[in-house]
There are 4 protein chains.
Amino acid sequence: MQHNIKKIALLTGGGDCPGLNATIRAITKSAILNYGYEVIGYKFGYRGLYNNDFMPLTLETVSDLLPKGGTILYSSNKDNLFDYSVEENGKVVKKDVSDIAIENMKKEHVDALVVIGGDGTLTSARDFARKGVNVIGVPKTIDNDLGSTDTTFGFNTATEIATEALDRLTTTAQSHHRIMILEVMGRNAGFIALESGIAGSADIILLPEMPYDIKKIIDKINQRKREGNLFTIIVVAEGAKEKDGNIVVSKIVSDSPDPIRLGGIGNKLAADIEKIIKDQEVRCTVLGHLQRGGNTCTFDRILSTRYGVAAVELINEGKFGNMVALKGTKITYSSLEDVIGNNKVVDKEGELVNVAKKIGVCFAD
Amino acid sequence: MQHNIKKIALLTGGGDCPGLNATIRAITKSAILNYGYEVIGYKFGYRGLYNNDFMPLTLETVSDLLPKGGTILYSSNKDNLFDYSVEENGKVVKKDVSDIAIENMKKEHVDALVVIGGDGTLTSARDFARKGVNVIGVPKTIDNDLGSTDTTFGFNTATEIATEALDRLTTTAQSHHRIMILEVMGRNAGFIALESGIAGSADIILLPEMPYDIKKIIDKINQRKREGNLFTIIVVAEGAKEKDGNIVVSKIVSDSPDPIRLGGIGNKLAADIEKIIKDQEVRCTVLGHLQRGGNTCTFDRILSTRYGVAAVELINEGKFGNMVALKGTKITYSSLEDVIGNNKVVDKEGELVNVAKKIGVCFAD
Amino acid sequence: MQHNIKKIALLTGGGDCPGLNATIRAITKSAILNYGYEVIGYKFGYRGLYNNDFMPLTLETVSDLLPKGGTILYSSNKDNLFDYSVEENGKVVKKDVSDIAIENMKKEHVDALVVIGGDGTLTSARDFARKGVNVIGVPKTIDNDLGSTDTTFGFNTATEIATEALDRLTTTAQSHHRIMILEVMGRNAGFIALESGIAGSADIILLPEMPYDIKKIIDKINQRKREGNLFTIIVVAEGAKEKDGNIVVSKIVSDSPDPIRLGGIGNKLAADIEKIIKDQEVRCTVLGHLQRGGNTCTFDRILSTRYGVAAVELINEGKFGNMVALKGTKITYSSLEDVIGNNKVVDKEGELVNVAKKIGVCFAD
Amino acid sequence: MQHNIKKIALLTGGGDCPGLNATIRAITKSAILNYGYEVIGYKFGYRGLYNNDFMPLTLETVSDLLPKGGTILYSSNKDNLFDYSVEENGKVVKKDVSDIAIENMKKEHVDALVVIGGDGTLTSARDFARKGVNVIGVPKTIDNDLGSTDTTFGFNTATEIATEALDRLTTTAQSHHRIMILEVMGRNAGFIALESGIAGSADIILLPEMPYDIKKIIDKINQRKREGNLFTIIVVAEGAKEKDGNIVVSKIVSDSPDPIRLGGIGNKLAADIEKIIKDQEVRCTVLGHLQRGGNTCTFDRILSTRYGVAAVELINEGKFGNMVALKGTKITYSSLEDVIGNNKVVDKEGELVNVAKKIGVCFAD
């Protein structure tokens, strides 16, 4: 069946991250050079599929694209064509418009679709596969929380940026005897906080998976002082939270226009610690979007390239409905049916948490 | 008179910045290698001078110190020995304790004092000079707002970090068609915002010196959209503000524990723009302490070394009461009497602002 | 048996690489914090063991050590205590001095020895284990050619540096329509060349494992020209070589003081290509020692920390005679008996070579 | 007269360096946005002017161009249209073809020409100015050896790269007690060696301007050993040379295909030192083309932008025959007549050399 593939399409969905462009490049090059496929890219993820808004992808389009962050196909968050907001008679209603997307692909003679995205984007990919579309998934999540693959591109670049930020904060912390807090990404999974915390020599790491006890944080700071370390470095995942039942010293500002943005966990924690520790200043830095942009790190360039090539191989072999994945040192694939909902979090009893504890890191849980 | 110099002391005051350690190294090496001075460093700025808390500085102490951010002498903000908080009879009162500091220096046979700091720290240096202490000042300010010198170390490192941050935000802005705001340091002087804005290809630069009109920001964003640029990069100095008389669309959150930290100008601006521009997302990143730490850039390593060597030369020549300075390509010096209060801001009609305007940057003033 | 461990020693052998200091730190911290071991470090690898030249390792010694390249214990190449050069009666003779080393350890009450090094260093570790010494090995090789572990620290940092170098050479190659050659490390195994070549978008990758045919290199350059790409990027491992039987166009300079240094494969190749391609300039850059120093990359900091912690666990469990290793995502260990001589090279038919070929890379084999 | 300017052309000549693209962008943006000029770029420097080979430069062409090294207009070395190699009757002869170039510009209605280049390129610019062409020069030289401007772009990027290389070599030097030599650019002027040497903490700096005495190098190495510093860092400009009359211990290999490439001063020096110092290894790294490519540093991005805007201002004011320049903190201009032949070298008695000496650097002169 795969022998009939002549034209493939790709799209990128969800938040951007380093490695998307490298993947687009690898798919395009591999598809053209090895199998002579025609390649197009839908713009803005599924929205472009619905609007039939696409661009041709040629060897020239993808030249110089390898190191660049972002996605030349643009991306959009939360566009689900199976439950899509459309205007009808002046009202916005939610509709399943997936058939329009399928129609668009037929019109353009697209024989296979490569979907690059995270959990939400891949759920739609699975749903298109169920409707008979020749879909291949490529996993993308900065948080590294997809259960079916060991690593996704973007994660290593983000971890490097967070580590470099910790390096920078440390010199100021030491000079001013401060408590410096760095808030990094990770709503449900704390991999970035855990790995950058180890690599950036954090004293305290706070993860969504391990709700913290503020008293244990204070104890660690005081213990460090007794040992002559008059500064403390804390890395906190944006999804970290206090243990239930603990006295919440201060609340996240809730009447601001955007409480999450203005008063995330990092700033809350800073306010809480300052109320208890009187002789050390506390400062919080929210790394935010600096984690997702710029140059793609070496590891992610290679992983993206491997994923892109593997996706084209699956197309050539007719193995649709699958997502490429990394297991150990090997590129493999899983059924999209198994991938969805199979999310990964940091193992509290796992080796990495244990390594951190052994060198003295406090998780305050 | 200078021929009697046998021992010198240094201290670093105010916020830390890259180049302090390089300056400490250059002073120590130059003093020991060329003049055989003994060198000590007071800890925590003037606080160490009051507490007679110091450490010896030797060739070994300063080895490997050149590239490191921070200060091995530690620093403290706002410690003014001429108006110092001391406990007396269980109460905290403000007193002039400068004579105790002078007494401490005499006890240690310190013949000259090198003070490395910004406006506040140097004001005390001048006051000690007025009381007969052999003082040399070395300028330090990340904001580059000292009028008596063209550049201070720390500024170039901060500008590089801000530029790199803009590079990173740009790939995400392009991928998601977003408006990305970066808030950088600069309470009264917008040099970091101006230079990083030019180097990082910002579309809009907002400075304390040029109060902005939100309508002009909106106009620029809309003009860019008409021209096909569906993203906009804004760099805003922390001290930027709206023009008087303009309708302030949203207020800075004021009932949070720390309004400056939680609701600075960048986040306010994001909230304001989001209320007007409906079809583009707005995101704000506050660079904060990432600007002051980590590795010292090449330019700042060299400038710090030149300052440190020049400070020792002034000591050897007995030219006390002066601050070393850079004018054009030359190291020179100014009287501390002339330096204080002589602050510098961005010239609205100056060449750099003009250059930015010529390449299309909007200042919204 | 392990319950009697009170004092451990470490040493680093062979060429330095990023991650050694991170490993020393992790072992020291983990040993002291979890098991109360006393820790010392022999200087200059085995030479220090022979001379009983060591330093105590404390929490303070290893503070700030995580990101730094190099080794605070110093290293030496090729010191084999089982065949060691000693002076006797004015003559240098080779002797087995391993008993002296064992005696020294006994004198210092060293209960276990952690040896961090590559193939040569670990061979001696095995030999000490055979003589009853409680030895744990930690693998170190920039070339990543140890067969018993998936990855060694240093390799990723080197690959990142090589990739960045390729990024730099590319802009010049494009501007001047040049053929740019980068020679990287890899005497017997071409992993650095392969991975940096993929990450740095090399057009031609030459590996020790795949002897090259100069005619295929010329063909690739000419094919690129026909396609409008008037520049070519070549990455060559230092151990790459021409196929037997091919006409060697030019010889490596052999009468220079150091033929390997002055006339390595990269420069030879440049000279050969220039003799055939007349209308494009050829330039070679030898990356050399830039690959082994400076800051340790995030990946290597984490891997080193994991290795260090795992080494202490093996000591605590009394599992001597083993080397820690990474298999997939897991830390494990192998017997030193199995490790030695089990070297790894790039698999010519493996996935990574295949990925490179699929995106158009030429191996000229 | 300038009011008649409607179309301008630019070209880049000589070796590429970071900042060329930033300059092209600034000229194009400023010319279009402020004066409505049409802009074209000749390809490959003067060769494109002779062949009438050009591309239009629009706002879109120069978008995203600011940080990129290299030149999108390509460059060529040594193409002098006043003495150009052309084929006539099957023979290559040297001819003055400048009139053809002028004719080409007339045909395309080019009213003014901006020439971006170093000494050679600007000499031709002057010669075209003498023939009545409306020429503006923009200085470009990595070596920073143009006498009419304080700094040229490219120089700071190169110095940063050389400094980072020294940082890297230092960790290996310390670990192995080696003598590490870094050869950097600078044929006649040693600014890169001097500034990176100060910033990278070199112990010995060798400049073309200060011929060295090998005995003084040996003395410095031995003095460092006596002081407990068992490693030495040397940075040497490619144009450095031994003092006349000294015994040249080894010769630069002269029978190799490319003696300069294979046997530069750095490798020669390594061989010489190794013959005298027996107990320390010596290693040389030639930085080469790594100094000219990749990302443009912040300082150079700003300087290039200022130069580009200033060039367009000169065109608008009709001030032809001039080169833009930086003097202190100000952008200014000089007549091309004065610029040519006015080269700059390091001042042996100047402040920077003195600063280096004061902190213990040896120049071995």
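To find a chain, count down the sequence lines: A is the first, B the second, and so on, and within it residues start at 1. Since this is a predicted model, take the numbers as computed values, not measurements.
For a residue to count as touching a neighbouring chain, one of its non-hydrogen atoms must lie under 4.5 Å from one of that chain's; by this rule C:Thr71 touches chain D with backbone and side chain alike. For chain C, no part of D:Gln291 is nearby; none of its heavy atoms comes within less than 4.5 Å. Of the two parts of D:Leu169, only the side chain, counted from C-beta on, holds a non-hydrogen atom closer than 4.5 Å to a non-hydrogen atom of chain C. Contact annotation for D:Leu287: both backbone and side-chain heavy atoms come within less than 4.5 Å of a heavy atom of chain C.
Considering only heavy atoms from C-beta on, C:Leu20 comes within 4.5 Å of C:Phe153 through its side chain. D:Ser75 is listed as a side-chain neighbour of C:His176, based on a closest heavy-atom distance under 4.5 Å. Inter-residue side-chain proximity for D:Ile24 and D:Asn21 is flagged as met; some heavy-atom pair is nearer than 4.5 Å.
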> Where do C:Asp203 and C:Arg224 land on the salt bridge (charged side-chain N to carboxylate O under 4.0 Å, His left out) test, with the steps shown first?
Replying inline: CA-CA 9 Å; C:Asp203 305 301; C:Arg224 284 181 55 77; 2.9 Å; yes
> Between D:Gln280 and D:Ile221, does a side-chain contact (heavy atoms from CB on, under 4.5 Å) hold up when you go through it step by step?
Replying inline: CA-CA 10 Å; D:Gln280 278 181 285; D:Ile221 294 169; 3.5 Å; yes
>> Evaluate C:Glu281 against C:Arg283 for salt bridge (charged side-chain N to carboxylate O under 4.0 Å, His left out), listing each step before the verdict.
In response: CA-CA 7 Å; C:Glu281 291 172 316; C:Arg283 293 287 183 276; 3.6 Å; yes
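Per-residue heavy-atom pair counts under 4.5 Å with chain C were compared for D:Leu182, D:Thr172, D:Leu73, D:Leu230, and the maximum is reached by D:Thr172. Of the listed residues C:Ala165, C:Ala173, C:Ser175, the one with more heavy-atom pairs under 4.5 angstrom with chain D than any other is C:Ser175. For the set C:Asn295, C:Thr171, C:Thr285, the entry with the most heavy-atom pairs within less than 4.5 Å of chain D is C:Thr171.
In summary, the side chains of D:Thr159 and D:Asn156 do not present any donor paired with an acceptor at a separation below 3.5 Å, with no hydrogens or angles considered.
Judged as a salt bridge (Lys or Arg N to Asp or Glu O under 4.0 Å), not a single pair has a partner in residues 152-162 of chain D (not counting sequence neighbours).
Proximity to chain C among residues 11-18 of chain D is limited to D:Gly14, D:Gly15, D:Asp16, judged by heavy-atom separations below 4.5 angstrom.
Between C:Phe44 and D:His177, the ring planes are perpendicular. Angles over 60° get that label, and only those under 30° would be called parallel.
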